Amino acid sequence: MAAAASARWLRVRCRLCLPLKSRRADPCEQAPSCRFYSESAALPNVEGADVTGIEEVIIPKRKTWDKVAVLQALASTVNRDTTAAPYAFQDDPYLIPASSLESRSFLLAKKSGENAAKFIINSHPKYFQKDIAEPHIPCLMPEYFEPQIEDISEAALKERIKLRKVKASVDMFDQLLQAGTTVSLETTNSLLDLLCYYGDQEPSADYHFQQREQSEESEEATEENNEKSRKKAGPQLGVTWRAKNNAERIFALMPEKNAHSYCTMIRGMVKHRAPVQALNLYTELLNNRLRADVYTFNAVIEAKALMVNEKFEEKWNNILELLKQMVAQKVKPNLQTFNTILKCLRRFYAFGRLPALQTLREMKAIGIEPSLATYHYIIQLFYQQESSAKGSPLIIYDIMNEVMGKKFSPKDPDDDAFFQSAMRVCSSLRDLELAYQVHGLLNTGDNWKFIGPDNRRNFYYSRFFSLLCLMEQIDVTLKWYKDLIPSVFFPHSQTLIDLLQALDVANRLELIPQIWKDSKEYGHTYRSDLKEEILMLMARDQHPPELQVAFADCAADIKSTYENQDARQTVPDWPANPLNYIAVLFLRAGRTQEAWKMLELFRKHNKIPRNELLNEFMDNAKASSSPDQAMEVVKLASAFSLPICESLTRRVMADFTVSQEQKEALGNLTALTSDSDSDSDSDISEGK
Amino acid sequence: MLWRMSAVLPLRLLSRLPLCSGGPEALAAAVVLLGASPGAVRFFSLMHLSRAQNNIQRYFGTSSVIYNKKDEQSVPTHEISKETESQDSVKENTKKDLLNIIKGMKVELSTVNVQTTKPPNRRQLRSLEATVGRLQRAPEDAPKKSESLSPELVAAASAVADSLPFDKQTTKSELLRQLRQHEEDSRAQKEGERPKVSFSNIISDMKVAKSATARVSTRPVHQIQFDEGSDDYGGQEKTADLRKSLRKNIFKGKRLNIFDLKAVTEEAPEAETAPSLWDVEFAKQLAAVNEQPFQNGFEEMIQWTKEGKLWEFPINNEAGFDDDGSEFYEHVFLDKYLEDFPKQGPIRHFMELVTCGLSKNPYLSVKQKVEHIEWFKNYFNEKRDILKDSNIHFN
């Protein structure tokens, strides 16, 4: 839209130089033609002069532009910088976050700073009276949250309602009643709105920001946690409807009640999870021959589905019954009606599938365009468990065919969950083509805004990238890697492991040191599974010498992280595998000194070296023709009572010129080993 | 050929607007050529094309009215515009004219759309070559009959084909096929009489639908490829088709059949009520759904502008100055309120000074300024007797 605005803006100038007689009604005509218009205009004027006289010149009306049109046009020219962190994180270089954890705390810190400032200003308005801005900037001035009207009157009540002071409003209402003043129906209704919306609790002091309770969750758990966090993100956490609360009391006190009073009560009860009371009140409403509005119906539908101890079928019939009542009462359903039904059907598992499809068709048939949330519910219903995806794998294709190329606008609070669930399905179906489609939809128009908060974006992109690693050619995957990381998301360690495996499959192991560097940057320095994967891939095969040198550097770096970790932890622990891998890598790169030091570490941490490693050490010793080192290897093997000890001893005897002393020592060692042959089997299985 | 086209070019460039009155057929021809010239114009999607056509068509409305007033003989193109309006009266020379038009327009449109700084001659030649190149590429598509097209168009098309040094028959039939299609389209549009549904909409809808079906056909192939892990492509295609035909679209089938389309869509008079707390909070929730951190500094500035922390664009000296939307000239040019005052004399002189002062006053609203002048009018009216005594006439 901004691009179009800029194009139009540029045209204004062209337009002014057009002395054309015709009304150029359509501003979408292409700009380039202007160049010719200015010339060609001469001809008709000359010709027209002697025939019809001068044509009337209509000066186009001055266009007024939106105050942000210029900025929007400029903003549309800025593309994402793939090499940098997102704009929101750009700050003092020291503060720029490099991992998902840091980025989260960065945003929280920034927001809490703003909130703190606002809190100070609003709680001490008298110190912030000086208005230096000209023209006046209202949003920088303190807001008044304290009621200004002191006396007891309906106006004072209205003010308190407006300021959302639940308790003060109720007190004022009571005082008015005691004074014998009747409060108008309208004011009472808005008081009921307030009480029902907040469940008769003071609204939490929100400064337009609620810290969502989203800890670093594992990806698999994200779905369920989203449900939780959504509920928590509501204005009141866990407020339940209490019987005989102020709302009910005031409702009972009201001399006359209209439909609005009933409706708001029903909605409040459903919102705060009191479906039974809500349904009773709905019956009462019907008995009083009042009409519920569509929002109330939506709430009642939810209440029906919330009822416990009812079978799915029963609930579904109740919902259908309600829909029929809507028709009877001539209440037009809206998107929320159907979304509520689908949302509830989600909990019906397999039973909900057919009704869900019928509901979707009903929506389409009566011309209500489904929103992203609608599709999200359907996807959730049909792909509830990863395993059950087999049964209905085709639904998602229909949905994608339907939504491809569409631009969405927010219509439902759950709209931002669609992309995540769609990508989850892509990943469980292992369908890269479909994933590309979903991603294409995400990049259509402003759809990218529906990707949701941070954790959803991370989930979406990790799934997408893992799928790429799994299915795509390595070059394309690497291109995506460069494109998405770090400017879109910071990778999980699992994401990086997926990438490593893709590199392994494509035989591009030379990139591993680079990946290790990146993973250090993205905060995975102490992820042992990632480090083990890296070391394993590097140590598995022999490589050309230059690569071995690079690998050895990388291994040294990883080794240092283990050592640092030791310093941090109280119980230093070196897993056996990394020790093996690092030693091998050092050996192959010719860093013999360090490799021998690694062997010390085995002994120190009581870990068992692998046979292959010992053989390599032996080779190395042979290459440098040092019987002492060979002896050392045999000693180590015998210390762990390894069965390989014997063969090693034989090799030493055959390959090295050993002194008498050493021979004796060797004889002792072998004897020792054969003694403990019986329990060496278990050692092997442990060591492997 | 180059010489001929370049001779036509300057004239046609100058007379671009009258040319447009060639009616939908000529225009369609132009669009065909434009669409057929790839390379530089390739980025031009079907939708753009149709929109351009649409706009130009709309433009005829005014231009043909204008030219109706003119002498028939003075402008040859006018004949065409009239001629296409009443198709039955075919004159001998129209054929040539049409040919000219098609050529001229084609050159023009392609240059216009490409917006090149190169000399138009070379460009036009190249695009022509490209056109022919592309036309040759699809010779099989050459269609059959030409009944639906008017004879002069056929002649024009064949003339165009003749002017090109390539496969003439192919070019001609390709042109005709396109022309017929566009004629059909334009006729359908004319007859349809649906002013709101524009041609471009139809075209764009068609495009979307087509790509969607293409996707449907490719989709299950990949699916099965993965599932079965076999490489037998042909066999898979068959299975895919079968599966596609077997499975139902989720949007087709039984519905609840509770709501009635008519009842839902009919406009019920909604009682205007102030938004309740529920509505306000729901709107807030919706706004939060697609809230994303800023992508760049300009977006942040947009936010600041909306919050009122930044000067609003365009930056001028009217910032924060709001006088019920009245424009600056209403503040400055106040002479029109002096009509009821004498044209000359001391009162006039006085009032001119008053308006001069008022026009420089930024603190009064337009309404206040007018009231101020009104006050003087009433004042002089009241003092009419005194004025008469001193030989000054007020009205």
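Order of the sequence lines fixes the chain letters, A, B, ..., with proteins taken first and strands second; residue numbering starts at 1 for each chain. This one's a predicted model, so the numbers in the text were calculated from it and none came from an experiment.
- Considering CD of Q295(B) and OG of S76(A), their distance stands at 13.0 Å, rounded to 0.5 Å.
- For an aromatic pair to be called close, the ring centres must be under 6.0 Å apart, and W278(B) with Y197(A) satisfies this.
- Atom CD of E186(A) sits in a sparse spot, with 12 or fewer heavy atoms from other residues, nucleotides or ligands closer than 6.0 Å.
- Looking only at heavy-atom pairs under 4.5 Å with chain B, the residue among C139(A), P86(A), P138(A) that has the most is C139(A).
- In terms of the side chain to side chain donor-acceptor pair (under 3.5 Å) criterion, residue partners of N334(A) (sequence neighbours excluded) are, by chain and number, N298(A), T337(A).
- Taken to the nearest 0.5 Å, the CD1 atom of I258(B) stands 9.0 Å off from the CD atom of Q358(A).
- For chain B, no part of S190(A) is nearby; none of its heavy atoms comes within less than 4.5 Å.
- No other option in R457(A), K364(A), E402(A) has as many heavy-atom pairs under 4.5 Å with chain B as E402(A).
- Heavy atoms of H260(A) lying under 4.5 Å from chain B belong exclusively to its side chain.
- Per-residue heavy-atom pair counts under 4.5 Å with chain B were compared for A133(A), A365(A), G268(A), G367(A), and the maximum is reached by A365(A).
- Taking a 6.0 Å sphere around OH of Y295(A), one finds it holds 12 or fewer heavy atoms contributed by other residues, nucleotides or ligands.
- Around atom NZ of K406(A), more than 12 heavy atoms belonging to other residues, nucleotides or ligands sit under 6.0 Å away.
- When each of F294(B), F259(B), F282(B) is checked for heavy-atom pairs under 4.5 Å with chain A, F259(B) comes out on top.
- When L277(B), V289(B), N296(B), D260(B) are compared by the number of non-hydrogen pairs under 4.5 Å with chain A, N296(B) comes out ahead.
- Ranked by heavy-atom pairs shorter than 4.5 Å toward chain B, the options I378(A), I451(A), L323(A), L357(A) are led by L323(A).
- Within the structure, salt bridge (charged side-chain N to carboxylate O under 4.0 Å, His left out) pairs that include any residue of residues 289-308 of chain B comprise E307(B)-K309(B) (at least two apart or interchain).
- Looking at L320(A), the atoms closer than 4.5 Å to chain B (heavy atoms on both sides) sit in the backbone and in the side chain alike.
- Of the listed residues (A88(A), C196(A), P333(A)), the greatest number of heavy-atom pairs within a distance under 4.5 Å of chain B belongs to P333(A).
- Proximity to chain B (any heavy atom under 4.5 Å) is shown, for L194(A), by both the backbone and the side chain.
- For D412(A), the part sitting under 4.5 Å from any heavy atom of chain B is the backbone (N, CA, C, O) and nothing else.
- Neither the backbone nor the side chain of S409(A) comes within contact range of chain B; no heavy atom of the residue lies under 4.5 Å from a heavy atom of that chain.
- Contacts of L140(A) with chain B are made by side-chain atoms alone, with heavy-atom separations under 4.5 Å and no backbone atom involved.
- The contact between K324(A) and chain B is made by backbone and side chain atoms together, counting heavy-atom distances below 4.5 Å.
- Checking side-chain atoms of E362(A) against main-chain N and O of N257(B) turns up a donor-acceptor pair under 3.5 Å.
- Using a 4.5 Å heavy-atom threshold, the side chains of L71(A) and T305(B) count as touching.
- A heavy-atom distance below 4.5 Å is not found between the side chains of R361(A) and K252(B).
- Using a 4.5 Å heavy-atom cutoff, the side chains of D416(A) and N290(B) are not in contact.
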Side chain to side chain contact (heavy atoms under 4.5 Å, CB included) evaluation trace for F313(B) with Q72(A):
CA-CA 11 Å; F313(B) 280 102; Q72(A) 276 168 345; over 6 Å; no
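- The line from NZ of K254(B) to CG of L354(A) is 7.0 Å long, rounded to the nearest 0.5 Å.
- Expressed to the nearest 0.5 Å, how far CG of D415(A) lies from CD of Q285(B) amounts to 11.5 Å.
- For R267(A), the parts sitting under 4.5 Å from any heavy atom of chain B are the backbone and the side chain alike.
- Counting heavy atoms from C-beta on, the side chains of Q292(B) and F450(A) never come closer than 4.5 Å.
- Looking at Q90(A), neither its backbone nor its side chain comes within 4.5 Å of chain B, counting heavy atoms on both sides.
- When all heavy atoms of D193(A) and S276(B) are compared, the closest pair comes out as OD2-CB, 3.4 Å.
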